[in-house]
2 protein chains.
Amino acid sequence: MKADKGRVDLRDVARLAGVSLGSASRAMNGAGASAATREKVERAAAALGWRPNHAAQALRSRLSRTVGCLLPDIGNPLYAQVFRALEDEFLALGYLPLLANGANDLERELRTLSMFMQRGMDGVILAPGNERSPELVEALRTLPMPAVVFDRELPGAHDSVVIDHAAGVRVAVERLMALGHRAIALVLWQGETRPVRRRIQGYKAAYAAAGLPVPELIVQAQSVTASAFEEIAELLARPARPTALIVQGTHMLNSALRAVASRGLRMPQDVSIVAIGDTAFARDHEPAVSVLTIDMADAARRLARLLVDRIAEPGLPARRERVELRYEERASVVPLHVEARPTARRR
Amino acid sequence: MKADKGRVDLRDVARLAGVSLGSASRAMNGAGASAATREKVERAAAALGWRPNHAAQALRSRLSRTVGCLLPDIGNPLYAQVFRALEDEFLALGYLPLLANGANDLERELRTLSMFMQRGMDGVILAPGNERSPELVEALRTLPMPAVVFDRELPGAHDSVVIDHAAGVRVAVERLMALGHRAIALVLWQGETRPVRRRIQGYKAAYAAAGLPVPELIVQAQSVTASAFEEIAELLARPARPTALIVQGTHMLNSALRAVASRGLRMPQDVSIVAIGDTAFARDHEPAVSVLTIDMADAARRLARLLVDRIAEPGLPARRERVELRYEERASVVPLHVEARPTARRR
DNA sequence: GTGAAAGCGCTAACAC
DNA sequence: GTGTTAGCGCTTTCAC
């Protein structure tokens with residue numbers, strides 16, 4: 001009997017099963033082995049407690065069964081939702097998802113992509129902070145593995161899943177207009193990203209469709225995590241202040257709520273609010289905040305499916321899928337009170 | 001000249017540098033190579049654009065330079081903070097962190113641990129949902145790589161970083177007592193976890209130290225994500241209702257705020273509130289919610305350090321580090337209004 | 001310090 | 001189908 005090596009490898013399994021190494025490998029991989037052989041090998045593997053060595057499999061087969069997910073910020077509840085859903089999808093498809101925070105930092109994103117290459121990711125889910133960066137575009141172009149872009153518009157042919165922000169914002173604006181609102185502000189950040197551009201586009205489209213001039217009520221904060229408090233407070237101090245606000249994400253919603261309060265205004269009586277993206281914060285706020293919800297589980301399902309399809313068949317033409325926003329009205333949106341004075345407080 | 005293989009390997013680099021494969025390897029790994037050799041090899045590597053193949057390195061060296069992080073739920077903003085901080089720490093130390101959601105699901109946790117083994121993680125950060133599970137304890141015991149446990153009390157010798165919930169809750173209770181509060185409720189969940197037990201302990205200790213009997217004001221929701229709305233509303237409906245609430249995390253805070261509002265009570269005039277764990281929700285709520293903050297960056301630093309130390313030196317005695325909570329008072333905590341009647345509304 | 005050689009554990013190519 | 005053999009790209013002996 002041979003000296004115990006501590007670890008058990010497939011050779012040990014093959015020996016115990018009384019078959020060759022190659023047969024054992026085939027038996028465990030489901031490819032071309034007789035039922036009898038598979039039976040014996042599986043029994044032996046179980047008896048020895050054999051577990052495939054992932055590094056060896058990856059080295060030999062050139063497949064890591066791992067996908068990289070580069071998202072802007074897992075601290076953002078919306079992206080946390082995406083990653084949780086991606087994890088479930090990829091695990092079910094036999095892939096392990098590896099999460100990295102891009103943090104809206106180009107250098108960091110490039111380093112991460114480079115690390116994904118070195119670690120032999122079979123594919124990548126990508127949502128860069130700045131989609132206008134030539135370096136990022138070039139990095140994507142030269143990436144040796146397939147990538148699926150999430151809610152960004154990057155040059156080049158690649159699969160993508162995009163969120164239909166334009167249609168969503170338009171629905172929200174039209175709903176507010178139906179309630180009598182005309183001065184509706186849009187609060188975003190300055191980022192060079194698809195979501196920002198498309199939201200503005202949907203906003204303008206709603207005014208155009210209503211035959212109204214587009215008001216000068218779009219404010220853009222410095223960064224996605226920056227406060228938009230000053231900008232919104234300034235807006236609310238104007239003689240013709242907005243009576244409704246559509247705000248992007250958790251940070252801007254916080255800013256908006258504080259700005260409204262600081263001007264002595266009340267939500268929803270004086271100002272209606274709609275947030276983009278549903279979170280516990282919006283749901284549980286008192287009064288609850290109306291939202292444009294994004295089905296992140298659906299988005300994740302599409303992302304995962306596109307990526308594994310392309311890994312399996314790299315020659316496929318580029319596909320682009322769209323995820324709709326759904327408007328969910330809560331207590332934060334009410335009809336315009338015509339008697340309301342811009343800065344009046346009712347008691 | 002040889003046929004181009006497409007990929008460049010270290011053998012190509014060595015050839016271009018005019019040294020042997022072994023020397024090239026040593027040069028790139030900093031171990032025992034002359035400055036001249038290193039110079040030549042680095043130049044050649046750069047010229048060819050060589051990147052080490054991670055699977056090959058891992059297979060041969062038995063080191064994956066990857067650590068698994070099994071956290072209960074990345075959707076919880078507190079754990080998102082932990083992972084972001086862990087990512088920075090481990091990346092700086094030369095390790096790649098792999099995130100997995102345990103989701104308070106034993107089966108899933110066990111599967112994840114098994115996957116960490118198979119993928120040859122060099123170490124693991126572990127915060128299981130239920131620390132009383134024998135299966136989990138057994139899995140930890142037989143784990144072939146080092147693990148550092150985060151804020152849990154698991155049997156066996158292992159490194160850990162724990163949060164001093166007991167001291168934190170005690171400080172909060174004592175502060176509320178100093179403001180005149182005597183009926184202080186504690187809202188937690190039922191989980192068999194260290195944080196829950198220690199918070200109760202700190203709560204009782206504060207009453208004991210004040211020479212007061214411990215009131216029957218501890219409520220425990222079914223799950224960490226469940227609503228505690230009913231329980232808190234019941235509490236607030238009692239003749240001798242609590243005048244202050246200490247609540248765990250984001251979900252319970254939401255429940256508490258809604259329960260207070262549903263009883264026609266106001267925060268902070270009628271009920272003071274302290275939340276455990278600081279989040280944007282607590283900070284930006286109107287009025288802002290006082291919190292026991294946990295420095296998750298500090299916790300992550302300690303976790304990462306403990307793990308890499310142990311990877312480097314497995315024989316080290318088990319270490320346990322403690323992270324303190326800091327009480328941060330905001331508008332949600334005010335002195336007890338003696339004139340306040342249990343369910344009265346002042347207008 | 002350096003080169004030659006031997007694998008890490010597995011899959012894939014090749015005969016049979 | 002099955003066994004044999006040859007590597008995947010690298011690190012790590014071992015002589016020198």
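This is a predicted model, so every value here is computed, not measured. Letters go in sequence order (proteins before strands), and every chain restarts at 1.
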Quick one: [X] [atom1] to [N] [atom2], roughly how many Å, whole number?
{"X": "B:R15", "N": "C:dA4", "atom1": "CZ", "atom2": "P", "answer": "12 Å"}
{"X": "A:R119", "N": "D:dC10", "atom1": "CZ", "atom2": "P", "answer": "14 Å"}
{"X": "B:R62", "N": "D:dC10", "atom1": "CZ", "atom2": "P", "answer": "18 Å"}
{"X": "A:R7", "N": "C:dG9", "atom1": "CZ", "atom2": "C1'", "answer": "11 Å"}
{"X": "B:L63", "N": "D:dT11", "atom1": "CG", "atom2": "C1'", "answer": "11 Å"}
{"X": "B:R65", "N": "D:dC10", "atom1": "CZ", "atom2": "P", "answer": "16 Å"}
{"X": "B:W50", "N": "D:dT11", "atom1": "CH2", "atom2": "C1'", "answer": "11 Å"}

Under the side chain to side chain donor-acceptor pair (under 3.5 Å) rule, collect the residues that match up with [X], sequence neighbours excluded.
{"X": "A:D122", "result": "A:S64"}
{"X": "A:N76", "result": "none"}
{"X": "B:H158", "result": "none"}
{"X": "A:R111", "result": "none"}

- [ ] Indicate, with a heavy-atom threshold strictly under 4.0 Å, whether A:A58 touches base, sugar-phosphate, or nothing.
- [x] nothing
- [ ] With heavy atoms under 4.0 Å as the rule, sort A:A33 into base, sugar-phosphate or nothing.
- [x] sugar-phosphate
- [ ] Assign each of B:L59 and B:V19 to its nearest nucleotide of DNA chain C by heavy atoms, then name whichever residue's nucleotide is nearer the 5' end.
- [x] B:V19
TODO: Please list residues of residues 35-49 of chain B whose heavy atoms come under 4.0 Å from any atom in DNA chain C, ordered by number; otherwise none.
DONE: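 Output list: B:T37.
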For [X], check side chain to side chain contact (heavy atoms under 4.5 Å, CB included) against everything at least two apart and list the hits.
{"X": "A:A17", "result": "A:V19, A:K40, A:V41, A:A44"}
{"X": "B:A297", "result": "B:A85, B:D295, B:R301"}
{"X": "A:R62", "result": "B:R7"}

Would you be so kind as to tabulate the donor-acceptor pairs closer than 3.5 Å made by side chains of residues 91-103 of chain B, with sequence neighbours excluded?
| unit_1 | atom_1 | unit_2 | atom_2 | d |
| --- | --- | --- | --- | --- |
| B:N101 | OD1 | B:I74 | N | 2.7 |
| B:N101 | ND2 | A:E87 | OE1 | 2.8 |

- [ ] Please indicate whether B:R132 has more than 12 foreign heavy atoms, meaning atoms of other residues, nucleotides or ligands, lying under 6.0 Å from its CZ.
- [x] yes
Task: Net bend of the helix from C:dG1-D:dC16 to C:dC16-D:dG1, end axes of five pairs each, nearest 10 degrees - done: 30°
Open item on the list: What I want to find out is whether B:D88 reaches A:R108 closely enough, with some N-O distance under 4.0 Å, to be called a salt bridge.
Closed with: yes
Task: Side chain of A:R11 (C-beta onward), nearest among C:dC10, D:dG9, D:dT11 - done: C:dC10
Could you tabulate the donor-acceptor pairs under 3.5 Å formed by side-chain atoms of residues 302-318 of chain A, not counting sequence neighbours?
| unit_1 | atom_1 | unit_2 | atom_2 | d |
| --- | --- | --- | --- | --- |
| A:R302 | NE | A:D298 | OD1 | 3.2 |
| A:R302 | NE | A:D298 | OD2 | 3.2 |
| A:R302 | NH1 | A:E321 | OE1 | 2.9 |
| A:D309 | OD2 | A:R319 | NH2 | 2.9 |
| A:R310 | NE | A:D159 | OD2 | 2.3 |
| A:R310 | NH1 | A:P314 | O | 3.0 |
| A:R310 | NH1 | A:L316 | O | 3.0 |
| A:R310 | NH2 | A:D159 | OD1 | 3.1 |
| A:R310 | NH2 | A:D159 | OD2 | 3.3 |
| A:R310 | NH2 | A:L316 | O | 3.0 |
| A:R310 | NH2 | A:P317 | O | 3.0 |

Open item on the list: Between B:Q57 and D:dC10, is there a contact of a side-chain N or O with OP1 or OP2 at under 4.0 Å?
Closed with: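 False: B:Q57 side-chain N/O out of range (4.0 Å or more) of D:dC10 OP1/OP2.
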TODO: Find out whether A:R152 and A:P195 are in side-chain contact, i.e. whether some heavy atom of one side chain is under 4.5 Å from a heavy atom of the other.
DONE: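 The answer is yes, as the side chains (C-beta and beyond) meet within the 4.5 Å cut-off.
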For nucleotides 12-15 of chain D, tabulate all protein N/O to nucleotide N/O atom pairs closer than 3.5 Å, reporting atom names and distance.
| unit_1 | atom_1 | unit_2 | atom_2 | d |
| --- | --- | --- | --- | --- |
| D:dT13 | O4 | B:R26 | NH1 | 3.3 |

